[in-house]
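Report on the structure given below.
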Amino acid sequence: MKKDFKYKCDNCGKIYSIKIDLMLCPVCREENIEGKPLKGILKVQLPKELKNSLSRKKKINIFDYLPIEEKYFPPINVGNTPLIEAKNIQKDLDFKNIYLKFDGTNPTGSFKDRASYLVSAFAKKNKVNKIVVASTGNAASSMAGIAAAARQKTFIFLPHTAPKAKLVQCLQYGAKLIQIKGSYDKAFDLSLKFSEKTGYLNRNTAYNPMTIEGKKTVSFEIVEQLGEKKADFVFLPVGDGVILSGVIKGFTDLKYLQRIKKIPKIIGVQSKKSSFIYNAFKNKKYNFNYKANTIADSISVDVARNGYMAVKDLKSIDGDMVLVSDKEILSAQHKLAKINGVFCEPSSAASFAGFLKMKKNISKNKTIVLLLTGHGLKDIEAALKAVKLPKTYKADINFIMRNLY
Ligand SMILES: *Cc1c(COP(=O)(O)O)cnc(C)c1O
């Protein structure tokens, strides 16, 4: 691997060399029980030589801070998504600095591309060209698309409830789809068994350390794009909690590099109908029998695979969690599209819904970043719930002027 990047076990703190077949800490993984959050997740550690090496004036080259060399990444543009100043929302809410980090503009339409991009490079470097993933939809379509750009083959385990657009994406990218009767959680466990039997690289979120590491890149972009301004709050949606840990990892790295002095207040948002991490964070209660059923499919997770680490990470930086209803999510989705021209999927709109819920406790000159993780076109059925398709009329100008004008 690239010199001096290492893995550190999040449970026992043991340091390991980065290897393609090392996914969890070999000691702590023994404690894992099927259907529970993972123990022994490995986090990439920056080399000591990089400490304090990123001054405020220096332009960030993200590949300097990732464990795989640039030449192994597939020829497709991931990340560098727009940070949109939400001027209309600012005006309506009387806030001064609200920004939308719109990751729906990634090649496959979601934030997941950040992780797939690094996983694909990791596989390429190690001459592995078959990748397995379980997904609620976006991780699958993302891996399929990014891997296609790298000429790698993707095997996907999906619950039968995944939105159609995401399935179609996978098929267009030429992936092998294994749709199962049962939840995402079932698909997760099945895919682990499949990759164990075949030796293919597993990209499951949290399980593959590169998924967390790849997601940190968004924090580097936010800091660079804000320039002189500093983010005070970052709102993001939470399902398995890997985006949460990835974003925190990014800001923690930036502090280690001395690019920033303070980590923003990170607020994780969940649906009331998918609140595993919220419950654990607020009430220290891990409910392993929890059943999620939110309309926001990308954050509909029964038992969060990254549950233990996400809660620990969020506590370590004094972050917070908030719950919103599905109705609030759908209304936030429509508002973002209607007021600011940004059409994102329901899970992403949770960021905005969470902000709306907390805004009375936030002073109006603070800089707020809302992470919008996926494109609205990925789930048309959900988006349709907040709007009505029109009736069909005869093509007659007199009729239209009389009845519809
Ligand atoms: C996966 C996903 C999330 C949730 O990320 P986790 O790491 O599972 O918490 C949120 N939004 C979108 C669009 C996603 O695809």
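When a ligand or atom number is given, it counts from 1 through the structure's own listing order. Just so you know, residue 1 is the first one in the sequence shown, and it goes up from there. We use all heavy atoms of the structure for the numbers below, so side chains are in, but hydrogens, waters and symmetry mates are not.
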Give, for atom CD1 of Ile146 and atom CE of Met143, the distance between the pair rounded to the nearest 0.5 Å. 7.5 Å
Is the contact between Ser298 and ligand 1 made by the side chain, the backbone, both, or neither, using heavy atoms and a 4.0 Å cut-off? both
Of the protein's non-hydrogen atoms, which lies at the shortest distance from atom 12 (C) of ligand 1, and what is that distance? Thr373 OG1, 3.3 Å
Would you mind reporting whether Asn279 and Tyr290 have side-chain heavy atoms less than 4.5 Å apart? yes
Between Asp253 and the options Arg259, Lys215, Lys51, Lys216, the salt bridge (Lys or Arg N to Asp or Glu O under 4.0 Å) test singles out Lys216
Working to the nearest 0.5 Å, report the span between CG of Leu38 and CG of Asp10. 11.5 Å
Distance filter under 4.0 Å to Val238 heavy atoms, resulting ligand 1 atoms: 9 (O)
Which of the numbered atoms in ligand 1 are below 4.0 angstrom from a heavy atom of Lys112? 1 (C), 2 (C), 3 (C), 5 (O), 14 (C), 15 (O)
Close-contact set for ligand 1 against Lys215 heavy atoms, below 4.0 Å: 7 (O)
Using the ring of each side chain (for Trp, its six-membered ring), is Phe288 parallel, tilted or perpendicular to Tyr308, with breaks at 30° and 60°? perpendicular
Does Thr205 reach ligand 1, in the sense of a heavy atom lying below 4.0 Å from it? no
If you round to the nearest 0.5 Å, how far is OH of Tyr286 from CZ of Phe276? 7.0 Å
Close N or O approach (Gly374, ligand 1; < 3.5 Å): no
How long is the span from the OG1 atom in Thr252 to the CG atom in Leu46, to the nearest 0.5 Å? 10.0 Å
All side chain to side chain donor-acceptor pair (under 3.5 Å) counterparts of Tyr16, not counting sequence neighbours: none
The atoms of ligand 1 lying under 4.0 Å from a heavy atom of Glu345, numbered in the order shown, are 13 (C)
Taking atom 8 (O) of ligand 1 as the reference point, the nearest protein heavy atom with its distance: Asp240 N, 2.8 Å
Hey, is ligand 1 close enough to Asn138 that some N/O pair sits below 3.5 Å? yes
Could you tell me whether some N/O pair between Gly241 and ligand 1 is separated by less than 3.5 angstrom? yes
Which atoms from ligand 1 have a heavy atom of Val242 less than 4.0 Å away? 6 (P), 7 (O), 9 (O)
Tell me the protein heavy atom at minimum distance from atom 5 (O) of ligand 1, and give that distance in Å. Ile243 CD1, 3.2 Å
Are side-chain heavy atoms of Leu192 and Asn202 found at a separation under 4.5 Å? yes
If we number the atoms of ligand 1 from 1 as shown, the ones under 4.0 Å from a heavy atom of Gly239 are 4 (C), 6 (P), 8 (O), 9 (O)
